[in-house]
There are 2 protein chains.
Amino acid sequence: MALRYALLGLLAKNEATGYELTQQFKETVIHFWTAHHTQIYRELLKMEEEGLTQSKTVQQNDYPDKKIYAITDKGFEQLLEWMLNKPVNAPKLKDDLLLRVSMFHFIPTDKAINFLETSKNHHKMGLEMTKQWSDDHFPNGTYKENELGEYLTIEFALRYMESWLSWCNWAIKELKKKGELEK
Amino acid sequence: MALRYALLGLLAKNEATGYELTQQFKETVIHFWTAHHTQIYRELLKMEEEGLTQSKTVQQNDYPDKKIYAITDKGFEQLLEWMLNKPVNAPKLKDDLLLRVSMFHFIPTDKAINFLETSKNHHKMGLEMTKQWSDDHFPNGTYKENELGEYLTIEFALRYMESWLSWCNWAIKELKKKGELEK
DNA sequence: CCGGGCATGTAAGGTGTTACATGATTTC
DNA sequence: GAAATCATGTAACACCTTACATGCCCGG
(Lines give C-alpha, C1' and ligand atoms only; values in the text may rest on other atoms or scores of the structure.)
Protein backbone atom coordinates (compact mmCIF):
# COMPACT_ATOMS: atom_id res chain seq x y z
CA MET A 1 0.00 0.00 0.00
CA ALA A 2 2.83 2.41 0.75
CA LEU A 3 3.96 2.72 -2.88
CA ARG A 4 0.53 4.17 -3.58
CA TYR A 5 1.04 6.92 -1.00
CA ALA A 6 4.52 7.68 -2.26
CA LEU A 7 3.00 8.28 -5.71
CA LEU A 8 0.09 10.31 -4.35
CA GLY A 9 2.56 12.44 -2.42
CA LEU A 10 4.46 13.26 -5.59
CA LEU A 11 1.26 13.88 -7.57
CA ALA A 12 0.00 16.21 -4.83
CA LYS A 13 2.91 18.52 -5.68
CA ASN A 14 2.67 18.29 -9.48
CA GLU A 15 0.76 16.29 -12.06
CA ALA A 16 3.08 13.90 -13.86
CA THR A 17 3.38 10.92 -16.20
CA GLY A 18 4.42 7.46 -15.05
CA TYR A 19 7.74 8.07 -16.69
CA GLU A 20 8.32 11.30 -14.80
CA LEU A 21 7.33 9.66 -11.53
CA THR A 22 9.88 6.94 -12.21
CA GLN A 23 12.55 9.62 -12.70
CA GLN A 24 11.57 11.33 -9.47
CA PHE A 25 11.81 8.00 -7.68
CA LYS A 26 15.35 7.56 -8.93
CA GLU A 27 16.35 11.05 -7.85
CA THR A 28 14.88 11.42 -4.40
CA VAL A 29 12.53 8.66 -3.25
CA ILE A 30 15.16 5.96 -3.78
CA HIS A 31 16.83 7.06 -0.54
CA PHE A 32 13.94 5.62 1.46
CA TRP A 33 11.74 3.65 -0.96
CA THR A 34 12.48 1.59 -4.07
CA ALA A 35 10.18 0.73 -6.99
CA HIS A 36 10.50 -0.35 -10.62
CA HIS A 37 8.71 1.44 -13.42
CA THR A 38 6.52 -1.62 -14.04
CA GLN A 39 5.23 -1.41 -10.50
CA ILE A 40 4.58 2.31 -10.80
CA TYR A 41 2.54 1.91 -13.99
CA ARG A 42 0.51 -0.90 -12.42
CA GLU A 43 -0.23 1.14 -9.31
CA LEU A 44 -1.24 4.17 -11.38
CA LEU A 45 -3.79 2.05 -13.26
CA LYS A 46 -5.25 0.72 -10.01
CA MET A 47 -5.46 4.20 -8.47
CA GLU A 48 -7.25 5.53 -11.53
CA GLU A 49 -9.81 2.71 -11.23
CA GLU A 50 -10.38 3.65 -7.60
CA GLY A 51 -10.77 7.33 -8.42
CA LEU A 52 -7.66 8.53 -6.57
CA THR A 53 -6.17 10.00 -9.73
CA GLN A 54 -7.42 11.36 -13.05
CA SER A 55 -5.46 11.23 -16.26
CA LYS A 56 -5.43 12.93 -19.63
CA THR A 57 -3.68 11.55 -22.69
CA VAL A 58 -1.50 13.95 -24.65
CA GLN A 59 -0.65 13.24 -28.31
CA GLN A 60 2.94 13.98 -29.34
CA ASN A 61 4.36 13.96 -32.87
CA ASP A 62 7.97 12.89 -32.32
CA TYR A 63 7.56 10.87 -29.12
CA PRO A 64 5.01 8.29 -27.97
CA ASP A 65 1.75 9.62 -26.54
CA LYS A 66 1.85 10.30 -22.85
CA LYS A 67 -0.63 10.03 -20.01
CA ILE A 68 -0.53 12.79 -17.41
CA TYR A 69 -1.88 11.85 -14.00
CA ALA A 70 -3.30 14.29 -11.43
CA ILE A 71 -4.43 13.59 -7.88
CA THR A 72 -8.16 13.91 -7.10
CA ASP A 73 -9.75 15.24 -3.89
CA LYS A 74 -10.49 11.66 -2.88
CA GLY A 75 -6.86 10.78 -3.48
CA PHE A 76 -5.63 13.64 -1.32
CA GLU A 77 -8.08 12.72 1.46
CA GLN A 78 -6.80 9.15 1.52
CA LEU A 79 -3.21 10.39 1.51
CA LEU A 80 -3.81 12.52 4.62
CA GLU A 81 -5.79 9.74 6.29
CA TRP A 82 -2.82 7.41 5.79
CA MET A 83 -0.24 9.99 6.92
CA LEU A 84 -2.03 10.91 10.13
CA ASN A 85 -3.91 7.79 11.19
CA LYS A 86 -2.18 4.67 9.92
CA PRO A 87 0.45 2.90 12.00
CA VAL A 88 4.06 3.48 10.97
CA ASN A 89 5.61 0.20 9.87
CA ALA A 90 9.12 -0.76 10.92
CA PRO A 91 11.76 0.06 8.30
CA LYS A 92 12.99 -2.81 6.10
CA LEU A 93 16.46 -2.99 4.65
CA LYS A 94 17.80 -5.53 2.17
CA ASP A 95 21.51 -4.98 1.76
CA ASP A 96 23.27 -7.58 -0.33
CA LEU A 97 26.71 -6.23 0.52
CA LEU A 98 26.14 -6.30 4.29
CA LEU A 99 24.78 -9.83 3.95
CA ARG A 100 28.13 -10.80 2.46
CA VAL A 101 29.98 -8.87 5.15
CA SER A 102 28.14 -10.96 7.74
CA MET A 103 29.91 -14.00 6.24
CA PHE A 104 33.36 -12.52 5.74
CA HIS A 105 34.86 -15.21 8.02
CA PHE A 106 34.30 -17.70 5.17
CA ILE A 107 36.48 -15.92 2.58
CA PRO A 108 40.09 -14.68 2.37
CA THR A 109 40.74 -11.31 4.01
CA ASP A 110 42.00 -9.67 0.81
CA LYS A 111 38.80 -10.56 -1.05
CA ALA A 112 36.76 -9.14 1.81
CA ILE A 113 38.72 -5.88 1.62
CA ASN A 114 38.10 -5.81 -2.12
CA PHE A 115 34.34 -5.99 -1.64
CA LEU A 116 34.48 -3.07 0.76
CA GLU A 117 36.68 -0.95 -1.52
CA THR A 118 34.25 -1.40 -4.41
CA SER A 119 31.28 -0.56 -2.24
CA LYS A 120 33.11 2.45 -0.84
CA ASN A 121 33.53 3.83 -4.34
CA HIS A 122 29.83 3.37 -5.10
CA HIS A 123 28.84 5.21 -1.97
CA LYS A 124 31.38 7.96 -2.63
CA MET A 125 29.87 8.58 -6.05
CA GLY A 126 26.37 8.44 -4.63
CA LEU A 127 27.30 11.00 -1.99
CA GLU A 128 28.86 13.36 -4.55
CA MET A 129 25.78 13.22 -6.77
CA THR A 130 23.36 13.71 -3.91
CA LYS A 131 25.41 16.64 -2.59
CA GLN A 132 25.28 18.22 -6.03
CA TRP A 133 21.53 17.70 -6.26
CA SER A 134 21.05 19.16 -2.81
CA ASP A 135 23.17 22.25 -3.57
CA ASP A 136 21.24 22.81 -6.79
CA HIS A 137 17.84 22.53 -5.15
CA PHE A 138 18.50 24.13 -1.77
CA PRO A 139 21.10 26.88 -2.22
CA ASN A 140 22.34 28.07 1.23
CA GLY A 141 19.92 25.65 2.90
CA THR A 142 16.82 27.50 1.67
CA TYR A 143 13.74 25.61 0.54
CA LYS A 144 10.21 26.42 -0.68
CA GLU A 145 7.15 25.57 1.36
CA ASN A 146 6.27 22.39 -0.51
CA GLU A 147 9.90 21.20 -0.49
CA LEU A 148 10.17 20.70 3.27
CA GLY A 149 9.88 16.91 2.97
CA GLU A 150 12.55 16.68 0.29
CA TYR A 151 14.84 19.00 2.27
CA LEU A 152 14.62 16.79 5.35
CA THR A 153 14.98 13.45 3.57
CA ILE A 154 17.89 14.52 1.39
CA GLU A 155 19.77 15.52 4.54
CA PHE A 156 19.02 12.04 5.86
CA ALA A 157 20.42 10.48 2.69
CA LEU A 158 23.61 12.56 2.92
CA ARG A 159 24.20 11.63 6.55
CA TYR A 160 23.45 7.99 5.80
CA MET A 161 26.03 7.82 3.04
CA GLU A 162 28.61 9.62 5.15
CA SER A 163 28.02 7.20 7.99
CA TRP A 164 28.31 4.30 5.51
CA LEU A 165 31.66 5.59 4.28
CA SER A 166 33.03 6.08 7.76
CA TRP A 167 31.93 2.56 8.75
CA CYS A 168 33.50 1.22 5.57
CA ASN A 169 36.84 2.82 6.37
CA TRP A 170 36.69 1.43 9.90
CA ALA A 171 35.88 -2.07 8.59
CA ILE A 172 38.75 -1.97 6.08
CA LYS A 173 41.13 -1.01 8.91
CA GLU A 174 39.86 -3.90 11.04
CA LEU A 175 40.36 -6.34 8.17
CA LYS A 176 43.88 -5.04 7.46
CA LYS A 177 44.72 -5.44 11.15
CA LYS A 178 43.48 -9.05 10.92
CA GLY A 179 45.38 -9.58 7.67
CA GLU A 180 48.64 -8.48 9.29
CA LEU A 181 48.20 -10.98 12.14
CA GLU A 182 47.69 -13.82 9.67
CA LYS A 183 51.08 -13.33 7.99
CA MET B 1 17.62 -16.06 -3.64
CA ALA B 2 19.48 -14.03 -1.03
CA LEU B 3 17.38 -15.26 1.91
CA ARG B 4 18.67 -18.72 1.10
CA TYR B 5 22.27 -17.57 1.48
CA ALA B 6 21.52 -15.74 4.71
CA LEU B 7 20.19 -19.03 6.11
CA LEU B 8 23.09 -21.08 4.76
CA GLY B 9 25.48 -18.59 6.33
CA LEU B 10 23.90 -19.09 9.74
CA LEU B 11 23.75 -22.88 9.32
CA ALA B 12 27.43 -22.94 8.33
CA LYS B 13 28.21 -21.72 11.84
CA ASN B 14 25.79 -23.97 13.75
CA GLU B 15 23.03 -26.41 12.96
CA ALA B 16 19.68 -24.98 14.01
CA THR B 17 15.90 -25.29 13.84
CA GLY B 18 13.69 -22.94 11.84
CA TYR B 19 12.62 -21.40 15.09
CA GLU B 20 16.17 -20.70 16.19
CA LEU B 21 17.04 -19.24 12.81
CA THR B 22 14.06 -16.92 13.15
CA GLN B 23 15.39 -15.77 16.54
CA GLN B 24 18.83 -15.18 15.07
CA PHE B 25 17.28 -13.13 12.30
CA LYS B 26 15.56 -10.92 14.86
CA GLU B 27 18.77 -10.45 16.84
CA THR B 28 21.38 -9.76 14.21
CA VAL B 29 20.32 -10.24 10.59
CA ILE B 30 17.45 -7.76 10.92
CA HIS B 31 20.00 -4.93 10.69
CA PHE B 32 20.53 -5.70 7.01
CA TRP B 33 17.92 -8.27 5.95
CA THR B 34 14.33 -8.91 6.99
CA ALA B 35 12.31 -12.15 6.82
CA HIS B 36 9.25 -13.63 8.48
CA HIS B 37 9.25 -17.09 10.06
CA THR B 38 6.87 -18.38 7.36
CA GLN B 39 9.38 -17.47 4.70
CA ILE B 40 12.21 -19.11 6.61
CA TYR B 41 10.34 -22.42 7.02
CA ARG B 42 9.44 -22.49 3.34
CA GLU B 43 13.00 -21.78 2.23
CA LEU B 44 14.33 -24.50 4.52
CA LEU B 45 11.99 -27.04 2.90
CA LYS B 46 13.11 -26.02 -0.57
CA MET B 47 16.79 -26.19 0.37
CA GLU B 48 16.32 -29.66 1.81
CA GLU B 49 14.74 -30.80 -1.48
CA GLU B 50 17.74 -29.45 -3.35
CA GLY B 51 20.18 -31.14 -1.01
CA LEU B 52 21.70 -27.97 0.42
CA THR B 53 20.70 -28.95 3.96
CA GLN B 54 20.00 -32.14 5.89
CA SER B 55 17.62 -32.36 8.82
CA LYS B 56 16.90 -34.67 11.73
CA THR B 57 13.67 -34.62 13.72
CA VAL B 58 14.00 -34.62 17.50
CA GLN B 59 11.10 -35.79 19.67
CA GLN B 60 10.47 -33.77 22.82
CA ASN B 61 8.08 -34.60 25.63
CA ASP B 62 7.01 -31.20 26.91
CA TYR B 63 7.44 -29.20 23.71
CA PRO B 64 6.53 -29.83 20.07
CA ASP B 65 8.94 -31.94 18.02
CA LYS B 66 11.69 -29.99 16.36
CA LYS B 67 13.61 -30.32 13.13
CA ILE B 68 17.31 -29.52 13.28
CA TYR B 69 18.86 -28.43 10.00
CA ALA B 70 22.53 -28.73 9.08
CA ILE B 71 24.31 -27.46 5.97
CA THR B 72 25.67 -30.03 3.49
CA ASP B 73 28.90 -29.83 1.46
CA LYS B 74 26.84 -28.93 -1.59
CA GLY B 75 25.16 -26.18 0.42
CA PHE B 76 28.48 -24.73 1.52
CA GLU B 77 29.84 -24.87 -2.04
CA GLN B 78 26.86 -22.92 -3.34
CA LEU B 79 27.21 -20.41 -0.51
CA LEU B 80 30.84 -19.69 -1.45
CA GLU B 81 29.98 -19.58 -5.14
CA TRP B 82 27.36 -16.92 -4.40
CA MET B 83 29.63 -14.93 -2.09
CA LEU B 84 32.56 -14.77 -4.47
CA ASN B 85 31.06 -14.83 -7.95
CA LYS B 86 27.57 -13.38 -7.94
CA PRO B 87 26.99 -9.67 -8.58
CA VAL B 88 26.22 -7.55 -5.51
CA ASN B 89 22.72 -6.08 -5.82
CA ALA B 90 22.00 -2.48 -4.86
CA PRO B 91 20.65 -2.09 -1.32
CA LYS B 92 16.90 -1.61 -0.94
CA LEU B 93 15.36 0.37 1.86
CA LYS B 94 11.67 0.71 2.68
CA ASP B 95 11.22 3.23 5.44
CA ASP B 96 7.64 4.10 6.23
CA LEU B 97 8.61 6.93 8.56
CA LEU B 98 10.90 8.64 6.04
CA LEU B 99 8.16 8.29 3.44
CA ARG B 100 5.93 10.32 5.73
CA VAL B 101 8.74 12.79 6.40
CA SER B 102 8.96 13.37 2.66
CA MET B 103 5.38 14.69 2.86
CA PHE B 104 5.66 16.73 6.03
CA HIS B 105 4.67 19.88 4.11
CA PHE B 106 1.09 18.48 4.03
CA ILE B 107 0.60 18.26 7.80
CA PRO B 108 0.82 20.67 10.77
CA THR B 109 4.34 21.23 12.13
CA ASP B 110 3.51 19.98 15.63
CA LYS B 111 2.24 16.66 14.28
CA ALA B 112 5.40 16.29 12.23
CA ILE B 113 7.51 16.86 15.34
CA ASN B 114 5.43 14.25 17.15
CA PHE B 115 6.22 11.63 14.51
CA LEU B 116 9.92 12.33 14.87
CA GLU B 117 9.84 12.22 18.68
CA THR B 118 8.16 8.80 18.61
CA SER B 119 10.60 7.47 16.05
CA LYS B 120 13.51 8.90 18.04
CA ASN B 121 12.42 6.89 21.08
CA HIS B 122 12.21 3.69 19.01
CA HIS B 123 15.69 4.20 17.68
CA LYS B 124 17.02 5.08 21.14
CA MET B 125 15.71 1.80 22.52
CA GLY B 126 17.02 -0.11 19.52
CA LEU B 127 20.45 1.43 20.02
CA GLU B 128 20.50 0.59 23.74
CA MET B 129 19.56 -3.04 23.08
CA THR B 130 22.06 -3.45 20.29
CA LYS B 131 24.81 -1.87 22.40
CA GLN B 132 24.00 -4.32 25.19
CA TRP B 133 24.07 -7.25 22.76
CA SER B 134 27.37 -6.07 21.35
CA ASP B 135 28.98 -5.64 24.78
CA ASP B 136 27.80 -9.11 25.79
CA HIS B 137 29.16 -10.79 22.66
CA PHE B 138 32.31 -8.78 22.03
CA PRO B 139 33.76 -7.72 25.39
CA ASN B 140 36.54 -5.14 24.85
CA GLY B 141 36.05 -5.44 21.10
CA THR B 142 37.29 -9.03 20.97
CA TYR B 143 35.66 -11.62 18.72
CA LYS B 144 36.14 -15.26 17.78
CA GLU B 145 37.23 -16.31 14.30
CA ASN B 146 33.76 -17.22 13.04
CA GLU B 147 32.25 -14.06 14.52
CA LEU B 148 34.04 -11.60 12.25
CA GLY B 149 30.95 -11.00 10.14
CA GLU B 150 28.71 -10.34 13.10
CA TYR B 151 31.32 -8.06 14.64
CA LEU B 152 31.48 -5.91 11.50
CA THR B 153 27.74 -5.75 10.85
CA ILE B 154 26.79 -4.97 14.45
CA GLU B 155 29.14 -1.99 14.33
CA PHE B 156 27.33 -0.93 11.17
CA ALA B 157 23.98 -1.19 12.96
CA LEU B 158 25.22 0.89 15.90
CA ARG B 159 26.57 3.62 13.65
CA TYR B 160 23.39 3.59 11.57
CA MET B 161 21.17 4.10 14.61
CA GLU B 162 23.44 6.82 15.96
CA SER B 163 23.34 8.61 12.63
CA TRP B 164 19.54 8.22 12.59
CA LEU B 165 19.27 9.80 16.02
CA SER B 166 21.51 12.70 15.16
CA TRP B 167 19.53 13.34 11.95
CA CYS B 168 16.30 13.13 13.93
CA ASN B 169 17.49 15.78 16.40
CA TRP B 170 18.54 18.02 13.51
CA ALA B 171 15.14 17.57 11.81
CA ILE B 172 13.24 18.37 15.02
CA LYS B 173 15.28 21.57 15.37
CA GLU B 174 14.51 22.53 11.76
CA LEU B 175 10.79 21.96 12.34
CA LYS B 176 10.81 23.97 15.57
CA LYS B 177 12.54 26.82 13.74
CA LYS B 178 9.80 26.65 11.11
CA GLY B 179 7.11 26.46 13.82
CA GLU B 180 8.41 29.67 15.42
CA LEU B 181 8.25 31.56 12.14
CA GLU B 182 4.62 30.52 11.64
CA LYS B 183 3.44 32.12 14.90
C1' DC C 1 -7.22 -17.21 33.35
C1' DC C 2 -4.46 -14.67 30.07
C1' DG C 3 -0.39 -13.82 27.55
C1' DG C 4 3.92 -15.34 26.02
C1' DG C 5 7.22 -18.84 24.76
C1' DC C 6 8.04 -23.15 22.38
C1' DA C 7 7.76 -25.09 17.44
C1' DT C 8 5.90 -26.02 13.07
C1' DG C 9 3.58 -25.07 9.15
C1' DT C 10 -0.48 -23.96 5.11
C1' DA C 11 -3.04 -20.87 2.13
C1' DA C 12 -4.32 -16.73 0.07
C1' DG C 13 -3.33 -12.58 -1.53
C1' DG C 14 -0.20 -8.65 -2.26
C1' DT C 15 4.16 -6.85 -3.83
C1' DG C 16 8.51 -6.99 -6.58
C1' DT C 17 11.43 -8.53 -10.42
C1' DT C 18 12.67 -9.85 -15.09
C1' DA C 19 12.07 -10.33 -19.75
C1' DC C 20 9.86 -8.70 -23.63
C1' DA C 21 7.56 -5.35 -26.91
C1' DT C 22 7.07 -0.98 -29.70
C1' DG C 23 9.47 2.75 -32.50
C1' DA C 24 11.29 7.35 -33.63
C1' DT C 25 15.16 10.57 -32.40
C1' DT C 26 19.42 12.00 -30.68
C1' DT C 27 24.24 11.32 -29.21
C1' DC C 28 28.83 8.87 -29.29
C1' DG D 1 26.29 1.45 -36.29
C1' DA D 2 25.13 1.06 -31.39
C1' DA D 3 23.23 2.87 -27.35
C1' DA D 4 20.46 5.92 -24.78
C1' DT D 5 16.18 8.73 -24.20
C1' DC D 6 11.30 9.22 -24.52
C1' DA D 7 6.93 6.60 -23.04
C1' DT D 8 4.01 2.98 -22.19
C1' DG D 9 2.80 -1.32 -20.91
C1' DT D 10 1.97 -7.01 -20.48
C1' DA D 11 3.07 -11.52 -18.69
C1' DA D 12 5.22 -14.78 -15.94
C1' DC D 13 7.28 -15.75 -12.11
C1' DA D 14 9.49 -15.01 -7.54
C1' DC D 15 9.13 -13.20 -3.15
C1' DC D 16 6.80 -11.23 1.01
C1' DT D 17 2.96 -10.55 4.22
C1' DT D 18 -1.12 -11.77 6.87
C1' DA D 19 -4.24 -14.69 8.83
C1' DC D 20 -4.98 -19.01 10.56
C1' DA D 21 -4.01 -23.53 12.90
C1' DT D 22 -2.23 -26.63 16.70
C1' DG D 23 -1.28 -27.47 21.70
C1' DC D 24 1.24 -27.69 25.96
C1' DC D 25 3.83 -25.16 29.69
C1' DC D 26 4.90 -21.38 32.76
C1' DG D 27 4.58 -16.94 35.25
C1' DG D 28 1.84 -13.14 36.94
Side-chain angles (χ1 to χ4, degrees), chain A residues 1-7 15-27 29-30 32-50 53 55-69 82 86-96 99, chain B residues 1-7 15-27 29-30 32-50 53 55-69 82 86-96 99:
Chain A
M1 274 296 94
L3 171 61
R4 147 166 316 197
Y5 300 111
L7 293 170
E15 50 175 35
T17 65
Y19 188 85
E20 286 163 347
L21 289 166
T22 305
Q23 301 314 108
Q24 288 176 52
F25 253 75
K26 283 183 194 158
E27 264 189 354
V29 183
I30 200 168
F32 50 86
W33 208 273
T34 49
H36 288 236
H37 72 113
T38 50
Q39 240 181 307
I40 292 173
Y41 283 113
R42 217 196 338 185
E43 195 64 38
L44 286 170
L45 283 177
K46 267 202 277 173
M47 289 199 287
E48 183 108 55
E49 277 171 29
E50 295 176 35
T53 58
S55 70
K56 51 186 178 199
T57 302
V58 176
Q59 243 88 29
Q60 297 187 121
N61 20 0
D62 289 352
Y63 295 108
D65 296 354
K66 62 181 176 182
K67 214 161 145 190
I68 300 171
Y69 288 87
W82 167 78
K86 296 293 170 188
V88 178
N89 291 318
K92 275 157 222 161
L93 178 62
K94 304 248 159 149
D95 193 314
D96 214 350
L99 181 52
Chain B
M1 274 297 93
L3 171 61
R4 148 167 317 197
Y5 300 111
L7 293 171
E15 50 175 35
T17 65
Y19 189 84
E20 286 163 348
L21 290 166
T22 305
Q23 303 312 109
Q24 287 175 53
F25 253 75
K26 284 183 193 158
E27 263 188 356
V29 183
I30 200 168
F32 50 87
W33 207 272
T34 50
H36 288 247
H37 72 114
T38 51
Q39 239 181 307
I40 292 173
Y41 283 112
R42 214 158 7 103
E43 195 63 40
L44 286 170
L45 284 176
K46 268 201 278 173
M47 288 199 287
E48 182 108 55
E49 276 171 31
E50 295 177 37
T53 59
S55 69
K56 53 185 176 198
T57 303
V58 176
Q59 243 88 29
Q60 297 188 122
N61 21 0
D62 290 352
Y63 295 109
D65 296 352
K66 60 182 177 181
K67 215 162 144 189
I68 300 172
Y69 287 88
W82 168 77
K86 297 293 170 190
V88 178
N89 291 318
K92 275 154 222 163
L93 178 62
K94 305 250 157 145
D95 194 314
D96 213 350
L99 181 52

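In this text, all values refer to a predicted model and were calculated from it rather than measured experimentally. Chain naming here is simple, since letters A, B, ... match the order of the sequence lines and numbering starts at 1 in each.
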- Query: Which residue lies toward the 5' end of DNA chain D, A/G18 or B/M1, if each is placed at its nearest nucleotide?
  - Reply: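 That would be A/G18.
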- Task: Considering non-hydrogen atoms only, spot the tightest contact between A/L44 and A/G18 and give its length.
- Result: CD1-CA, 3.6 Å
- Which heavy atom in A/F25 sits nearest to a heavy atom in A/L3, and how many Å separate them?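 Heavy-atom minimum between the residues: CZ-CD1, 3.6 Å.
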- Identify, between A/W33 and A/H37, the residue whose nearest nucleotide on DNA chain C lies closer to the 5' end.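 By nearest-heavy-atom nucleotide position, the 5'-most residue is A/W33.
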- Nucleotide pairing, DNA chain D (Watson-Crick or G-U, distances under 3.5 Å), in dot-bracket with [ ] and |: ||||||||||||||||||||||||||||
Is [X] close enough to [N] that one of its side-chain N or O atoms is under 4.0 Å from OP1 or OP2 there?
{"X": "B/Y41", "N": "C/dG9", "answer": "no"}
{"X": "A/K46", "N": "C/dG14", "answer": "no"}
{"X": "A/K92", "N": "D/dC16", "answer": "no"}
{"X": "A/K94", "N": "D/dC15", "answer": "no"}

When you measure from the side chain of [X], which nucleotide among [options] comes out closest?
{"X": "B/L45", "options": "D/dA7, C/dT18, C/dT10", "value": "C/dT10"}
{"X": "A/H36", "options": "C/dT15, C/dT18, C/dA7", "value": "C/dT18"}
{"X": "B/K67", "options": "C/dG9, C/dA7, D/dC16", "value": "C/dG9"}
{"X": "B/Y19", "options": "D/dA7, D/dT17, C/dT8", "value": "C/dT8"}

Nearest-angstrom distance from the residue atom [atom1] of [X] to [atom2] of [N]:
{"X": "B/L44", "N": "C/dA7", "atom1": "CG", "atom2": "P", "result": "15 Å"}
{"X": "B/L93", "N": "C/dT15", "atom1": "CG", "atom2": "P", "result": "18 Å"}
{"X": "B/E20", "N": "C/dG9", "atom1": "CD", "atom2": "C1'", "result": "17 Å"}
{"X": "A/F25", "N": "D/dA7", "atom1": "CZ", "atom2": "C1'", "result": "18 Å"}

- Query: Going by an N to O cut-off under 4.0 Å, is there a salt bridge joining B/E50 and B/R4?
  - Reply: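 Yes, this pair counts.
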- Item | Side-chain ion pair, A/K46 and A/E49, N-O less than 4.0 Å | no
- Message: Between the base of D/dT18 and the side chain of B/T38, is one N or O donor paired with an acceptor at under 3.5 angstrom?
- Response: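 Checked by distance alone, the answer is yes.
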- Using only heavy-atom distances, decide whether a donor-acceptor pair under 3.5 angstrom links the side-chain of B/T17 to the base of C/dT8. no
- Could you state the interatomic distance from OH (B/Y41) to OG1 (B/T17), rounded to the nearest 0.5 Å?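 Spacing of OH (B/Y41) from OG1 (B/T17) equals 6.0 Å.
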